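The structure appears below as structure tokens.
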Amino acid sequence: MLKEKILKNLNEQITAEHYASNLYLSMSSWCTAKGLDGAARFLNLHSREELEHMHRLINYVNETGSQAIIDAIPAPPNSFKDIRDIFEQTFKHEVHITNMINKLVELTLAEKDFSSFNFLQWYVAEQHEEEALFKGILDKIEVIGLDGRGLYMLDQEIAKLCNTKQ
Ligand code: FEO
């Protein structure tokens with residue numbers, strides 16, 4: 001069984017991963033509506049990844065004999081300024097998730113819960129990858145720009161990422 005404080009934080013992480021999945025799904029839908037099929041596919045795949053992150057946490061909590069809580073999540077935004085706005089928000093959100101994971105890791109050490117500490121190492125590595133992934137897209141946006149054929153090229157570049165990370 002997990003200590004109460006750790007269980008509470010793991011359950012909050014479950015909710016955060018669930019929200020991230022819906023946020024990226026909403027962004028994917030916006031991209032589809034704007035004809036940005038590459039970005040739409042990338043964000044859709046990433047939304048599914050976030051669900052996997054959520055399920056991994058649920059399984060861990062339940063394996064310890066504690067109960068994973070499936071809580072309410074707020075509706076994500078469904079309107080965005082442009083694709084730059086979308087990827088600025090995804091990067092910001094990933095930094096937020098990283099901060100949550102770091103706090104959880106700190107807590108497991110303080111509480112001497114080495115099993116949870118070990119479990120969370122996967123998320124520490126994953127967050128490093130995700131921040132780098134989204135930062136890389138922001139860099140592409142800076143280099144390619146959104147004017148003229150830039151937006152089309154950018155969408156093609158983002159589509160290529162579907163075959164690598166995801
Ligand atoms: Fe599961 Fe992208 O953080």
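Because the structure is a prediction, the values reported are computed rather than measured. Both counts, for ligands and for their atoms, begin at 1 and track the order of listing. Positions are given from 1 along the sequence. The figures that follow rest on heavy atoms only: side chains count, while hydrogens, waters and symmetry mates do not.
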> What residues, two or more places apart in sequence or in another chain, satisfy side chain to side chain donor-acceptor pair (under 3.5 Å) together with S21?
Replying inline: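 So S21 forms a side chain to side chain donor-acceptor pair (under 3.5 Å) with S47.
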> In terms of the angle between their ring planes, are F87 and F42 parallel, tilted or perpendicular, with boundaries placed at 30° and 60°?
Replying inline: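 Tilted: the ring planes of F87 and F42 meet at 30° to 60°.
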> Should the pair Y24 and F134 be assigned to parallel (<30°), tilted (30 to 60°) or perpendicular (>60°) ring geometry?
Replying inline: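 Because their plane-to-plane angle lies in the 30° to 60° range, the rings of Y24 and F134 count as tilted.
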>> To the nearest 0.5 Å, what is the distance between OH on Y19 and NE2 on H93?
In response: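 One finds 6.5 Å between OH of Y19 and NE2 of H93.
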> By residue and atom, what protein N/O/S atoms are less than 2.8 Å from atom 2 (Fe) of ligand 1?
Replying inline: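 Atoms qualifying: E50 OE2, E94 OE1, E94 OE2, E130 OE1.
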> Charged N to carboxylate O under 4.0 angstrom, E12 versus K8?
Replying inline: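 Salt bridge: yes.
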>> Under 4.0 Å between a side-chain nitrogen and a carboxylate oxygen: does that hold for K135 and E94?
In response: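 Salt bridge between K135 and E94, a charged N being under 4.0 Å from a carboxylate O: no.
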